[in-house]
Amino acid sequence: MDLGLSEEQELLKGFVRDFLEKECPETRVREMEEDERGYKPEFWRMMAAQGWQGMIIPQQYGGTGMTFTDLIVLLEEFGRALVPGPFISTVVLGAIPILQAGTEEQKQAFLPKIAAGELIMTLALTEPSARWDADGVAMPARAEGDSFVLSGTKLFVPDAHVSDCMLVAARTKESANPEDGITLFLVDSKSAGIQFTALKTIAADKQCEVAFNEVRVPKANVLGEVDKGWPIIRGVKSKAAVAACAYMVGLAQMDFDITLEYAKQRIQFGRPIGSFQAIQHKFADMIIDVDGSRFITYKAAWALQENEPDAEMLVSMAKAWCNEAARRVVAHGQQIHGGIGFTKDYKIELYFRRQKWMELMWGDADYHRELVADKLAI
Amino acid sequence: MDFRFTPEEEAFRQELRSWLRENVPPNWEGVFLEEEVEEWKQGLAFVRKLAEKGWVAPAWPKEYGGMEASPALQLAYNEEMGYQRAPIGSIVQSVGYIGPAILFFGTEEQKRQHLPPVTAGETVWCQGYSEPEAGSDLASLKTRAVKDGDDYVINGDKTWTSNAHRSDWCILLARTDPAAPKHKGISFFLVDMKSPGITVQPVMNMANVHSFNQVFFEDVRVPKSALLGQENQGWYIAAMTLDFERSSLVAMAVSMAKRALDDLVGYCRETRVKGKSLLASPLVRHKLAEMAIEIEVGKYMVYRVVSLQARMEPGSIEAAVCKLYNTELDVRVANTGLEILGLYGQLHKDSKWTQLMGRFQKSYMYAIAMVVGGGSSEIQRNIIAMRGLGLPRG
């Protein structure tokens with residue numbers, strides 16, 4: 001039992017932090033908020049050169065075959081630097097389900113390209129009902145010859161507009177059990193009949209409305225089996241939720257670090273505001289929230305990696321906790337910064353807005369508490 | 001990043017678990033400060049059985065009756081003891097931090113004199129730190145120890161001294177150099193409670209139990225060998241031993257909270273309101289889920305402190321974070337229990353109507369002692385902010 005990072009993970013963490021401090025400063029983050037694509041292809045290629053998109057892809061498919069907890073260490077640093085762009089979409093929402101459920105042919109077709117930074121992916125799951133459960137997947141896909149035809153609207157799809165390929169969840173069968181009858185399709189984002197509209201969000205990240213109008217997808221592009229997509233989605237949702245936790249851990253830690261520095265510098269009443277007990281006690285509470293988030297996230301990530309029987313429950317515990325803990329941290333961060341925190345002149349506001357984004361993605365606290373309650377009640 | 005215990009650690013956990021299931025008294029109420037007379041006797045008998053197994057102080061060296069357990073094995077031990085509500089209130093302090101202080105700062109003679117009787121379940125220790133005018137500001141304590149030939153002569157009074165009336169020995173902080181800055185003139189003594197000049201006066205706590213005492217020292221003469229460590233090193237020893245105390249106590253407290261949750265879930269499953277189990281009520285589900293999540297978070301805070309110990313890395317601030325979070329958590333856990341129990345929550349354990357043996361009622365009161373004792377929550381926050389984060393003193 002050892003909750004510390006391995007030597008390799010410490011090296012990775014240090015390297016990623018240095019790299020991002022240089023290549024992804026605040027100016028880049030702000031620039032990407034205004035940018036239509038939300039990422040810079042040069043930066044994407046630089047990350048691929050470090051092997052990051054291929055980190056969890058086995059060597060036989062062009063990756064480096066590292067573990068899920070290694071990826072969590074990386075994503076914590078991404079949260080710290082607020083790295084914009086389709087990294088989680090491509091790696092967690094794209095590569096992971098293909099690795100898990102793809103045919104050998106599909107793996108060969110997609111994974112080496114993802115690892116090389118040549119392919120951007122995402123998962124189109126949620127719809128205007130804005131639900132994360134199987135009931136939320138209502139968009140039909142009807143079989144027609146050697147294709148399926150998809151029609152309907154997917155909403156809150158991250159990075160869809162810059163994707164090369166989307167994994168799309170659609171209903172291929174009506175059934176009393178909503179988890180039965182969902183199929184996952186690998187859909188070329190340039191297919192005829194697809195229209196993307198970027199959504200304006202609090203974090204200025206790039207989520208999209210994706211309209212499917214009679215989009216034809218070859219049957220060979222089904223991932224896994226027809227009607228049996230939900231277990232794959234369930235696995236992805238767990239990993240995506242933990243990825244969001246890791247991002248929030250890094251984000252909350254950095255918000256804390258910036259605010260601590262500020263409280264030591266900012267003078268009021270002739271002394272640093274950090275000398276006031278009212279401020280000091282906020283910092284103690286922030287530490288609890290940052291540390292609490294980090295270690296429950298590590299536990300959930302480790303449990304997923306090791307296929308522990310209670311992994312899903314731990315994921316829900318982690319996401320419910322991190323959502324609220326990170327929100328408390330960034331709220332304190334704003335309060336301690338006072339007026340300057342409410343402006344675009346200072347970086348702390350970026351953390352406040354991004355936290356809300358990650359809080360909502362892959363299930364808010366109420367959603368995950370309900371899942372925890374379900375499991376407690378068994 | 002590895003959350004797995006070794007096969008040996010798991011095997012020990014299983015062995016201890018089955019032993020505890022057989023040996024924890026069946027009607028055991030299970031708040032570990034077993035303070036009422038009957039409970040205290042049951043607790044002492046239990047500790048003697050534990051001593052026969054050699055399981056009183058797993059972390060201590062074998063030569064003093066310990067097991068030389070790794071931090072992870074000790075964690076497994078603490079988790080099991082907490083979950084099974086082992087009645088070890090009589091040794092919590094001696095095993096948790098008094099013994100470790102003697103191990104760390106004591107002479108060979110002091111170790112041989114004091115440690116084996118603890119692991120044999122024969123001696124009880126109490127803590128003489130707080131004074132009526134020195135609570136959170138402990139370093140302002142006024143009890144004096146004046147050197148007189150080969151002895152020290154002690155005068156002063158101590159308060160909140162749990163179990164002083166049942167103790168054989170007392171650790172005592174007393175001022176040996178009144179001219180020095182307040183933290184630097186304090187020494188740490190090991191005092192025989194049978195020494196002439198000691199009077200113990202009961203202080204009833206709000207649970208109507210005699211646990212606290214005020215202890216008066218009037219010209220109490222102790223030999224030089226009662227001094228632990230160097231003269232005027234007492235503050236340092238006390239601060240360091242509090243770190244020992246925090247991690248082991250908290251590990252037990254978290255698993256006790258988990259047990260409380262499991263009991264509460266069981267109660268909700270059986271209790272029907274409007275024809276439905278309480279587990280179907282959205283508000284109850286919300287409370288239980290939140291409790292489960294907060295307990296799980298507390299658990300890994302403990303694991304983190306243990307990981308630092310195993311790596312021999314400093315973890316004093318982390319231990320303070322852990323103590324702060326988990327004691328405040330226990331207040332919420334007890335409150336959640338009472339909310340769910342409704343009118344029944346207020347009942348004492350002796351009522352024929354009481355639910356879950358009145359444990360939540362008792363822990364509702366005792367939980368607020370835990371956010372005060374061992375350094376209040378506010379003191380923990382000060383320590384974290386100033387010592388941990390380097391924020392300037394106000």
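Residue numbers start from 1 in every chain, and the chains themselves are labelled A, B, ... in the order their sequence lines are given, proteins ahead of strands.
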>> For the backbone of B:Phe3 and the side chain of A:Glu306, can you confirm whether one donor and one acceptor N or O come within less than 3.5 Å of each other?
In response: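 Here the side-chain-to-backbone pair does not exist.
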> Just by distance, do the side chain of B:Arg381 and the backbone of A:Gln280 share a donor-acceptor pair under 3.5 Å?
Replying inline: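 Answer holds: no.
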> Are A:Trp302 and B:Arg4 close enough, and set up right, to give a side-chain contact (heavy atoms from CB on, under 4.5 Å), and what steps lead you there?
Replying inline: CA-CA 10 Å; A:Trp302 180 85; B:Arg4 196 170 278 122; 3.9 Å; yes
Check each atom of [X] against the heavy atoms of chain A and say whether the ones under 4.5 Å are side chain, backbone, both or neither.
X	result
B:Asp262	neither
B:Glu378	both
B:Ile384	side chain
B:Arg269	side chain
B:Ile317	neither
B:Ala310	neither

Examine whether an atom of [X] lies under 4.5 Å from a heavy atom of chain B, and if so say whether it belongs to the side chain, the backbone or both; otherwise answer neither.
X	value
A:Phe256	side chain
A:Thr69	both
A:Asp374	both
A:Tyr298	both
A:Arg369	both
A:Glu308	side chain
A:Leu314	side chain

May I ask you to test the [X]-[Y] pair for a side-chain heavy-atom distance under 4.5 Å?
X	Y	answer
B:Asp2	A:Met1	no
A:Val372	B:Arg285	no
A:Asp2	B:Met1	no
A:Leu3	B:Leu308	no

Do other residues, nucleotides or ligands put more than 12 heavy atoms under 6.0 Å from the [atom1] atom of [X]?
X	atom1	result
B:Glu68	CD	yes
A:Lys347	NZ	no
B:Glu313	CD	yes
B:Glu133	CD	no

Pick whichever of [options] has the most heavy-atom pairs under 4.5 Å with chain A.
options	result
B:Gly394, B:Ala385, B:Pro392	B:Pro392
B:Met386, B:His286, B:Glu294, B:Glu318	B:His286
B:Val321, B:Leu389, B:Val284, B:Thr6	B:Leu389

>> Working note: B:Leu391 + A:Lys264, criterion side-chain contact (heavy atoms from CB on, under 4.5 Å); need CA distance, chi angles, decisive distance, verdict.
In response: CA-CA 7 Å; B:Leu391 285 168; A:Lys264 288 177 179 176; 3.8 Å; yes
Spacing of [X] atom [atom1] and [Y] atom [atom2] [to the nearest 0.5 Å]:
X	Y	atom1	atom2	answer
B:Glu296	A:Asp310	CD	CG	7.5 Å
B:Arg393	A:Arg271	CZ	CZ	12.0 Å
A:Phe295	B:Ser307	CZ	OG	7.5 Å

Between [options], which has the largest tally of heavy atom pairs under 4.5 Å with chain B?
options	result
A:Met313, A:Met317, A:Arg294, A:Gln9	A:Met317
A:Ala284, A:Gly4, A:Ser275	A:Ser275
A:Gly274, A:Gly292, A:Ala263	A:Gly274

>> Is there a side-chain contact (heavy atoms from CB on, under 4.5 Å) between A:Ile296 and B:Lys299? Walk through the geometry before answering.
In response: CA-CA 9 Å; A:Ile296 188 97; B:Lys299 177 173 165 180; over 6 Å; no
> Parallel under 30°, tilted from 30 to 60°, perpendicular over 60°: which one fits the rings of A:Trp321 and B:Tyr325?
Replying inline: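 A:Trp321 and B:Tyr325: perpendicular rings.
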>> Test side-chain contact (heavy atoms from CB on, under 4.5 Å) on A:His368 and B:Ile293; report intermediate values, then the result.
In response: CA-CA 10 Å; A:His368 282 288; B:Ile293 293 163; over 6 Å; no
